[in-house]
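Everything on this sheet refers to the single structure shown next.
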Amino acid sequence: MELLTEDFFARDTLTVAPDLIGKLLVHERPSGERIVGRIVETEAYTQDDPAFHGWGIVDRATGLIKPEGRGYDLFGRPGKAYVYLCYGWYWLLNVVTEPEGRGGAVLIRAVEPLEGEAFIRERREGIRKRTDLTSGPGKLTQAFDIDDRFHNRMLTQPPLYLAAPEQEQAWPIAVSSRIGITRGVEFKWRYFIQGNPFVSPGTPSDIVMRRKLERKLQRP
DNA sequence: ACGAGGATGCTCT
DNA sequence: GAGCATCCTCGTG
């Protein structure tokens with residue numbers, strides 16, 4: 001396999017996100033054991049996106065960036081990991097995109113286990129169905145032992161990195177709106193391999209919002 | 001196959 | 001204090 005370089009990530013976020021589908025997430029353990037997963041689902045978050053964690057530090061009028069807060073890390077060097085705690089419980093893994101100074105990130109939402117499944121099963125104790133091991137952004141970080149100790153570390157070198165497989169395959173990529181957000185639901189920036197069982201079971205946010213509205217209208 | 005609810009802690013107002 | 005880029009369990013059909 002070939003490690004992805006900084007150049008790969010220093011591009012338009014909406015190009016990088018689908019390009020990461022089919023690539024590999026690799027964690028090399030101190031023991032030498034390799035945990036490998038095929039990326040089957042990603043989401044793009046851009047500088048001009050209300051769901052973006054760096055949204056609040058961009059001055060809408062002038063376009064200037066205030067160098068403060070958690071979100072400023074998303075304007076850093078492309079290829080860096082942006083790892084944050086979601087709902088006080090689960091770590092989520094992003095990779096920073098765009099040239100330095102522009103904001104952007106791709107959320108790794110689901111992978112298919114290829115190597116090190118024994119380790120993954122240990123980390124995901126109690127999970128019975130194989131597809132439940134890594135079919136979600138919080139599940140895969142638990143499975144791969146990823147937390148904030150990787151925050152702001154480059155994902156272009158061991159121990160945690162992204163790579164292209166020996167044989168690239170042309171996967172059927174589908175798109176939808178993103179999962180679990182309330183703003184920016186109109187953007188179809190979720191990419192996933194059509195029919196892959198490790199794609200997360202979450203409902204796209206535009207559908208969730210529509211159902212919510214329908215429910216409200218039905219109540220007298 | 002759904003829907004509801006709870007656990008939990010960080011960030012920003 | 002509000003608002004989350006989640007996951008799991010336990011209800012009801």
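In what follows, chains are A, B, ... by sequence order, proteins preceding strands, each numbered from 1.
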A:W91 ring centre to A:R149 NZ or CZ under 6.0 Å, with the angle to the axis within 45°?
no
Distances under 3.5 Å only, N/O to N/O: pair up the protein atoms with those of nucleotides 11-13 of chain B.
from   : atom 1 : to    : atom 2 : distance (Å)
B:dC12 : OP1    : A:R70 : N      : 3.3

Could you check whether any side-chain N or O of A:T203 sits under 3.5 Å from a backbone N or O of A:V208, counting only pairs where one atom can act as donor and the other as acceptor?
no
Please check if any side-chain donor atom of A:Y82 sits under 3.5 Å from a side-chain acceptor atom of A:H53, or the reverse.
yes
A:S200 backbone acceptor or donor facing A:E41 side chain under 3.5 Å
yes
Flag, side chain of A:E98 to backbone of A:A10, donor-acceptor distance under 3.5 Å:
no
Geometric class of the A:Y72/A:F75 ring pair [parallel <30°, tilted 30-60°, perpendicular >60°]
parallel
As a check on the pairing definition, encode DNA chain B in dot-bracket form, counting Watson-Crick and G-U wobble pairs whose two distances are under 3.5 Å, and using | for partners outside this strand.
|||||||.||||.
A:T131: which of A:P201, A:P113, A:P197 passes side-chain contact (heavy atoms from CB on, under 4.5 Å):
A:P197
Above 12 or not: heavy atoms from other molecules or residues under 6.0 Å from CD of A:E2?
no
Among residues 109-130 of chain A, which contact DNA chain C at a heavy-atom distance under 4.0 Å?
A:R109, A:R124, A:I127
Both A:R183 and A:P137 contact DNA chain C. Taking the nearest nucleotide for each, which residue is further toward the 5' end?
A:R183
Pick base, sugar-phosphate or nothing for A:R211, based on heavy-atom distances below 4.0 Å to the nucleic acid.
sugar-phosphate
Who are the ring pair (Phe, Tyr, Trp, His ring centres under 6.0 Å) partners of A:F150, not counting sequence neighbours?
A:H27
Main chain of A:A17, side chain of A:T42: is a donor-acceptor contact present, judged purely on distance under 3.5 Å?
yes
What is the distance from atom CZ of A:F144 to atom OG1 of A:T134, rounded to the nearest 0.5 Å?
7.0 Å
With a non-hydrogen cut-off below 4.0 angstrom, is A:S205 in contact with a base, only sugar-phosphate, or nothing?
nothing
Where is the tightest heavy-atom contact between A:K129 and A:I127, given as atom of each residue plus distance?
O-CG2, 3.5 Å
Please report the C-alpha distance between A:W189 and A:F187 in whole Å, then the side-chain angles of each, then the deciding distance to 0.1 Å, and finally whether the ring-ring contact (aromatic ring centres under 6.0 Å, His included) criterion is met.
CA-CA 6 Å; A:W189 290 349; A:F187 302 125; 4.4 Å; yes
With no hydrogens and no angle check, is any side-chain donor or acceptor of A:T156 less than 3.5 Å from a backbone partner on A:E6?
no
Give a yes or no answer on whether the side chain of A:R11 reaches the backbone of A:F8 with a donor-acceptor pair at less than 3.5 Å.
yes
Residues from residues 82-92 of chain A lying under 4.0 Å of DNA chain B - heavy atoms
A:L85, A:Y87, A:G88, A:W89
In the 5' to 3' direction, the nucleotides of DNA chain C bounding the stretch that comes under 4.0 Å of a heavy atom in chain A are C:dC4 to C:dC8
